[in-house]
Amino acid sequence: MNFHIMTLFPEMVMQGLDTSIIGRAMENGIIDIEAVNIRDYAFNKHNKVDDYIYGGGAGMLMQAEPVYLCYEAIAGRIKDKRGGEYKPRVIYLTPQGEVFSQKKAAELALEDDLILLCGHYEGIDERVLEEIVTDNISIGDYVLTGGELPAMIVVDAVSRLIPGVLGSDVSAEFESFHDNLLEYPQYSRPEVWHDKRVPEILLSGHHANIEKWRHEQSVIRTKQRRPDLLT
Ligand code: ADE
């Protein structure tokens, strides 16, 4: 999987992703992440990429042309690599998008290339969004200062579904949101901590009973914390 992140803050994105599990997956060549600076495609000598908003209103808007030139450069490289016509998936991170989910992450994990577009200021000129964006994604109903953190969240959630990124394939299978259930509680050593014992069943070695208990716990936890998932 190749992630191409269009951003005004490439260092922020790369520093955030270049550690731990995602960093190791990059090192091992399982995923590739490039952060492309939209400012490199500014078309004026001051490297300006924003301007006033037609009709008035507070703040500045990212202009269409630098975003489009940046997109064309990335899409051109993808086309050359694949040979022939291909319109890559372009995800615009915006509070106006579809709320990101495990299901969406699984769908995106099937792509070979993903372009992620991070907005700043008051947003991006609508005309370029109309031309290049295939998916609008929000990470939740709140407004951030830019699309970089949301892009990093999408890259992380998608990457860990790619075979070889996590240590073992099992870990992605039995976790929260699998079958729309939250994960059951888990315990490690010691057996007693702050007077709390590890549930006896987990020490029994009886795998069928443990599976049954875990499923029950998942249902209880989902009812308590996320009843919306059960409907
Ligand atoms: N940009 C600003 N806020 C955002 C959000 N909640 N989700 C995705 N992109 C955003």
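Computed from a predicted model, the values in this text were never measured in an experiment. One-based numbering, in listed order, for ligands and for the atoms of each.
Across every non-hydrogen atom of Gly97 and Ser138, the tightest pair is O-CB, 3.6 Å.
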Dump the pairs for me: ligand 1 N or O, protein N or O, distance under 3.5 Å, to 0.1 Å.
residue: ligand 1; atom: 3 (N); partner: Leu144; partner atom: N; Å: 3.0
residue: ligand 1; atom: 6 (N); partner: Gly140; partner atom: O; Å: 3.2
residue: ligand 1; atom: 6 (N); partner: Tyr142; partner atom: O; Å: 2.8
residue: ligand 1; atom: 7 (N); partner: Ile139; partner atom: N; Å: 3.0
residue: ligand 1; atom: 9 (N); partner: Thr94; partner atom: N; Å: 3.1

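Listed by chain and residue number, nothing satisfies the salt bridge (Lys or Arg N to Asp or Glu O under 4.0 Å) test with Glu131 (two or more places apart in sequence, or in another chain).
Aromatic pair Phe9/His120: ring centres closer than 6.0 Å.
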Verdict with supporting geometry, Met62 and Asp125, side chain to side chain contact (heavy atoms under 4.5 Å, CB included): CA-CA 6 Å; Met62 277 167 77; Asp125 190 304; over 6 Å; no

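For the pair Glu34/Arg77, a side-chain contact is recorded, criterion being any heavy-atom separation below 4.5 Å from C-beta on.
At a threshold of 4.5 Å between side-chain heavy atoms, the hydrophobic network of Ile, Leu, Val, Met, Phe, Trp and Tyr places Ile21 and Met152 in one connected group.
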